[in-house]
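Bear in mind that the values here come from a model prediction, so they are computed numbers and not experimental data. Protein chains get the first letters and strands the later ones, always in sequence-line order, with residue 1 at the start of each.
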Amino acid sequence: MYRYLEERLAQHVLEFLRQRYPGATLPHVAIEQPPNVELGDFAIPVFPFAKPLRTAPLKIAEAIRAEIGPVEGIAEMQVAPPGYLNVRIDRAWVAAELARDKKPAADIPVGKILVEHTSINPNKAAHIGHLRNAVLGDTFVRLLRYAGREVDIQNYIDNTGVQVADVVVGFTHIEKKSRAEIKALAGQPRFDYYCWDLYARVSHWYEQDKQNLQARHETLHAIEDASSETAAIAELISTAVLRRHLETMDRLDIEYDFLPRESEILQLHFWDAAFTKLKDSGVLSFETEGKNKGCWVMRRAGTTSITEIIEDTGNAEESEKISEEDQKVIVRSNSTVGYVGKDIAYHMWKFGLLGRDFGYRKFYRYPNQHDCWISATEGEKNHPHFGGVAEIYNVIDARQSEAQSTVIEALRGLGHNEAADHYTHFSYEMVALTPRCAAELGYKLSEEDKTRSYIEVSGRKGFGVKADDLLDQLIASAKSEVDSRHPQLDDAERLAIATQIAIGALRYFMLKFTKQSVIAFDFKEALSFEGETGPYAQYAVVRATSIFKKAALDPDTFCRDGANNLSSTAEFAQYLKGGSANEIWELWLSAAKTAYIVDQCTAATEPAYIAKHAFQLAQLFNTFYHRHPILSEPDERRKQFLLATVAVVRRELIRTLEVMGITVPPVM
RNA sequence: GGGCGCGUAGCUCAAUUGGAUAGAGCACCGGAUUUCUAAUCCGGCGGUUGCAGGUUCGAUUCCUGCCGCGCCUACCA
């Protein structure tokens, strides 16, 4: 509702200025929010118009105020020095629309979106860094879907890379286990934990004797031959670990539609198809000398091209060399293709530009009967259509931004500018550990490390906090709180509530920081259920629900009926009028902003805004709740109004939390 | 060396993308409950936005130069 009003206001102001000052080129009408609600609900800075209109800001503001005429949903405008036009919303009108849950039509762009997230190497347990990725990705999917977009979720599985090879080496060379023995282990409950430790041992084993690295090379090579025993072991391990990852993420309500695997990208020769096109278009060049002799290379993204400069000056010198340091090796001199090359092929497929497709088979069924598909060389006949989408978002950490840019540049070089423009690297920073947290986990820290604000986790060293461990701790911690607060409930019920709280705390924690901020993980903060946390917001909803429970009313139907009971917008006006109602109005205003905030999140690829919104709404509600006794309100009409307020806020808060993947327990 | 990013209260982070008095949480101190009310609420304490210039009506935000920190910069993925 807020978003709708903002758009209309901007439109009207622009139209007005066009008519009032014909011929002038007008800048974009920016609409902001005044520092506090007393000033108004929208603020339009008029400064940018002063120059083009050759008129003082205050005069322009006054002209708009006096002459624009009525705008639906807008009550009044005020000119504020040094050059703001403050706009007040028609409170009663908005409240009535909101109570009836009227959703103004919005333009929804057509075309399917593909979001890739999680993409954990299937060789060890997921850790907190992976959790941040999955929660960001899953929340972004929910944001897009809230905005009405159609979204496919993919989780890329690098099952033939060095990391999987290393764990295979661990089993075959260090533990000297047979395929049957590995298979038995892979059936154990937390096989990914076993691999976590083994992976760290393998890294250590390599360090002890560089000769041991030979095993890695042999294994890596053997995995590429799908018919080998080594490949079968790798497949066994990676599939079992992948299943564990899906289970872990399912605990947080994170699901996927499709799992494309590197093994199929190899076996279905995606690269060959891409390679031909890349050579033909001149994106790749063959090096005949220097350190990259015998390799097919690409210009590193972000480096300036000499050929471009030559084109500018009109000099027709052909195929100018890329300086060695600007070269990115795509195909090695032994003719194997590197990771970026495979990624280029994969992304051509995403946009439907490769001319090849995966086979598909069902892999994992979620408790809600939703199927997750996996790539296969020979798949099932009937399967959904994946790939060939209009837009993509890759949730991949900031360290890979150069590789991502290289893939985008490759698409551009192939002439697919449209695709390149709709390719978004959803970049985020890592989760590190505070020195205190690292010490708690029993790691010895150097003096230098102790002075750092954070220390990077390392799967290679087995240094980090596992996702399932963290969840277990959160649940246990929430459980003891629920146990003491609600001893009358049976244990299963208390556990279910504790689980909801734990997930709320975890998902909120991962979302409250903006993407580019490194999270310095600390158990104390992550395990907190007070202040700016998920449980704080959940608790606000529980409070709202309990009011309705006591009143023997259903909050979900009350909005509509309650709005009707109040019978007219005039009634809303009575209770929202004037400065004394500012506080309650602020609550309504915040509740009206959900779609507006979702818009900002998708436009800026920043889910943190929705977390802030949930917190703000909860905070305003808690203040309201504290100041206004509702059920004991003697004035029956006012009581209805207060109940409507609670119902609307409750509904919007539930929606907001749902977008973050957070559900609300019945009691807390 | 080059590329990307960061530097804001004691700590962890925001700041509507250039706007009005830089805000939250934690921590600390002091208060609030006969109620739908404590996983809560109210108050207090806390700032030269790393430093120095520049751009303009206006800078935490943009530009330049320093200082400090992180990541990337493999024929690894």
Partner nucleotide, any strand, of [N] [Watson-Crick/G-U, under 3.5 Å]:
N: U60(B); answer: none
N: G68(B); answer: C6(B)
N: U16(B); answer: none
N: C41(B); answer: G31(B)
N: A22(B); answer: none

Mapping Leu631(A) and Ala30(A) to their closest nucleotides on RNA chain B, which lands nearer the 5' end? Ala30(A)
Most 5' of Phe513(A) and Arg452(A) on RNA chain B, judged by nearest nucleotide: Phe513(A)
With rounding to whole Å, what would you report as the distance between [N] and [M] at their [atom1] atoms?
N: U49(B); M: G44(B); atom1: C1'; value: 23 Å
N: A27(B); M: U12(B); atom1: P; value: 15 Å
N: G23(B); M: U60(B); atom1: C1'; value: 12 Å
N: A52(B); M: G10(B); atom1: C1'; value: 27 Å
N: C67(B); M: C51(B); atom1: P; value: 15 Å
N: C41(B); M: A22(B); atom1: P; value: 24 Å
N: U21(B); M: A59(B); atom1: P; value: 11 Å
N: G18(B); M: U61(B); atom1: P; value: 11 Å

Over all strands shown, is [X] touching base, sugar-phosphate only, or nothing at heavy-atom distances under 4.0 angstrom?
X: Gln33(A); value: base
X: Ala608(A); value: nothing
X: Val482(A); value: base

Does [X] have a side-chain nitrogen or oxygen under 4.0 Å from the phosphate oxygens OP1 or OP2 of [N]?
X: Gln619(A); N: G25(B); answer: yes
X: Tyr339(A); N: A74(B); answer: no
X: Arg332(A); N: A77(B); answer: yes
X: Arg300(A); N: C72(B); answer: no
X: Tyr536(A); N: C41(B); answer: yes

Do Phe42(A) and Tyr2(A) have their ring centres less than 6.0 Å from each other? yes
Between Tyr536(A) and Phe615(A), is the gap from one ring center to the other below 6.0 Å? yes
